[in-house]
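In this chain, numbering begins with 1 at the start of the sequence shown.
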Amino acid sequence: MDGGDAEAMPGQRKRKQREQERQRRDAVRFAPDAGHWEVIFATDEHAELRAHLGKLRAEDEQFDMSTIRIDQFCGRLIYPSTYQLSRFVPNSTSTPTSRVDGPAPPGGK
């Protein structure tokens with residue numbers, strides 16, 4: 001049954017290609033030289049994490065979930081699991097400072 005898998009899973013190739021393209025875009029967008037991840041919330045309760053995430057979504061209509069990362073640090077024995085919510089903060093782009101209009105320098109225009 002050579003090639004049977006391709007026929008059994010219609011659209012799989014397109015989905016895989018879209019996922020790979022998204023991963024390539026995200027690798028460039030979230031590259032270390034493009035910015036950093038800033039922890040905005042940490043808890044050991046999953047329900048608190050979900051509530052905080054819901055609060056962020058409700059407060060900001062422009063909330064971009066693609067810039068959010070959720071990390072789960074698994075606990076062992078006496079240490080509970082911990083959840084961290086981080087937001088990607090892009091590096092500030094260096095823009096030339098605008099000149100303040102004032103008197104012209106002597107001899108200048």
Side-chain angles (χ1 to χ4, degrees):
M1 295 184 78
D2 292 328
D5 290 350
E7 294 174 15
M9 301 295 283
Q12 182 178 7
R13 181 177 296 159
K14 287 181 183 179
R15 282 192 301 273
K16 198 174 214 179
Q17 288 172 343
R18 282 193 307 260
E19 178 64 21
Q20 288 172 342
E21 180 58 31
R22 186 191 62 77
Q23 288 175 349
R24 280 191 291 272
R25 282 192 318 267
D26 286 352
V28 171
R29 183 178 178 197
F30 301 125
D33 59 339
H36 64 278
W37 291 96
E38 180 179 276
V39 176
I40 57 174
F41 184 74
T43 183
D44 58 355
E45 294 292 331
H46 189 261
E48 287 180 16
L49 174 73
R50 292 184 65 196
H52 189 77
L53 196 52
K55 181 179 151 189
L56 289 174
R57 287 179 177 157
E59 288 175 352
D60 186 3
E61 293 177 7
Q62 303 289 325
F63 185 73
D64 184 5
M65 189 61 190
S66 70
T67 63
I68 298 295
R69 184 176 77 187
I70 300 172
D71 296 311
Q72 178 181 1
F73 301 99
C74 298
R76 299 281 191 258
L77 300 175
I78 61 172
Y79 300 107
S81 292
T82 304
Y83 303 93
Q84 281 187 347
L85 188 63
S86 302
R87 177 178 291 168
F88 187 76
V89 180
N91 291 335
S92 60
T93 57
S94 59
T95 57
T97 57
S98 61
R99 186 176 63 86
V100 176
D101 288 330
K109 292 187 176 183

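- Annotation: salt bridge (charged side-chain N to carboxylate O under 4.0 Å, His left out) contacts of D33 (sequence neighbours excluded): none.
- By the side chain to side chain contact (heavy atoms under 4.5 Å, CB included) test, Q84 pairs with V39, A42, D71, F73, sequence neighbours left out.
- Scanning all heavy atoms of the two residues, the minimum distance from G75 to S81 falls at N-OG, 3.2 Å.
- Residue R29 comes nearest to S66 through the heavy atom pair NH1-OG, 3.0 Å, listed as atom of the first residue, atom of the second, then distance.
- The cluster map of Ile, Leu, Val, Met, Phe, Trp and Tyr, joined by side-chain heavy atoms under 4.5 Å apart, puts I40 and L53 in the same cluster.
- Using cut-offs of 30° and 60° on the angle between ring planes, the pair F41 and H52 is parallel.
- Partners of R50 under the salt bridge (charged side-chain N to carboxylate O under 4.0 Å, His left out) rule, at least two apart in sequence or in another chain, do not exist in this structure.
- Residues satisfying the ring pair (Phe, Tyr, Trp, His ring centres under 6.0 Å) test with H46, not counting sequence neighbours, are Y83.
- Note that the CZ atom of R87 and the NE2 atom of H36 stand 11.5 Å from one another [nearest 0.5 Å].
- Counting only heavy atoms from C-beta outward, the side chains of R13 and K16 never approach each other to under 4.5 Å.
- Using a 4.0 Å cut-off between charged side-chain N and carboxylate O, E19 and R22 make a salt bridge.
- The residues E21 and R24 are annotated as salt-bridged, a charged nitrogen and a carboxylate oxygen being separated by less than 4.0 angstrom.
- Atom CZ of F88 and atom CG of D64 lie 11.5 Å apart (nearest 0.5 Å).
- In this structure, I68 CD1 and W37 CH2 are separated by 7.5 Å, a value rounded to the nearest 0.5 Å.
- Partners of D44 by salt bridge (charged side-chain N to carboxylate O under 4.0 Å, His left out), not counting sequence neighbours: none found.
- Annotation: side chain to side chain donor-acceptor pair (under 3.5 Å) contacts of D60 (sequence neighbours excluded): none.
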